[in-house]
Amino acid sequence: YEGNLEMEKAASHWEKIIQLAPKDVESQDKLISYYRLSQNYPALISLYLKTIDEGVATPDIYYDLARIYLTQNQEPKA
């Protein structure tokens, strides 16, 4: 799907991969990029929180999550 630019279908596959293998960094990075490009901030926040809960978050995820909260006028969460 990715090669055919069917990004919504590709995102669905990345979501399934992450559910089965939360430490799959490649799928996580692609899904993060897709959510950013599509400006799907609720889904991106949800993915970041899940990554944090599973203990596989990098410092970049914490930083990006805080930035998103700030841009979404959710300063207390940042």
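With sequence neighbours excluded, no residue satisfies side-chain hydrogen bond (donor to acceptor under 3.5 Å, both in side chains) with Gln39. Among residues two or more places apart in sequence or in another chain, the side-chain contact (heavy atoms from CB on, under 4.5 Å) test is passed with Asn40 by Tyr35, Ser38, Pro42, Ala43.
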Notebook entry, point to check: Going through the checks in order, is the side chain to side chain contact (heavy atoms under 4.5 Å, CB included) test met by Asp24 and Trp14?
Noted result: CA-CA 9 Å; Asp24 186 324; Trp14 296 325; over 6 Å; no

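Linking Ile, Leu, Val, Met, Phe, Trp and Tyr whenever their side-chain heavy atoms come within less than 4.5 Å puts Ile45 and Tyr62 in one cluster. Val25 and Tyr34 sit in two unconnected hydrophobic clusters of ILVMFWY residues. Membership requires side-chain heavy atoms under 4.5 Å apart, directly or through other members.
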For residues 46-58, please give each side-chain donor-acceptor pair under 3.5 Å, one per line with the distance, not counting sequence neighbours.
from	atom 1	to	atom 2	distance (Å)
Tyr48	OH	Arg36	NH2	3.2
Tyr48	OH	Asp64	OD2	2.4
Thr51	OG1	Gln28	NE2	2.9
Thr51	OG1	Leu47	O	2.8

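The CG atom of Asp60 lies 9.5 Å from the CG atom of Asp29; values are rounded to the nearest 0.5 Å. Put simply, CG on Leu65 and CD on Gln74 are 9.5 Å apart, with the number rounded to the nearest 0.5 Å.
In plain terms, the two heavy atoms of Ile17 and Ser27 that are nearest each other are CG2-OG, 3.4 Å. Closest of all the heavy-atom pairs between Ala78 and Ala66 is CB-O, 3.7 Å.
The number of heavy atoms from other shown groups lying within 6.0 Å of CD (Glu26) does not exceed 12.
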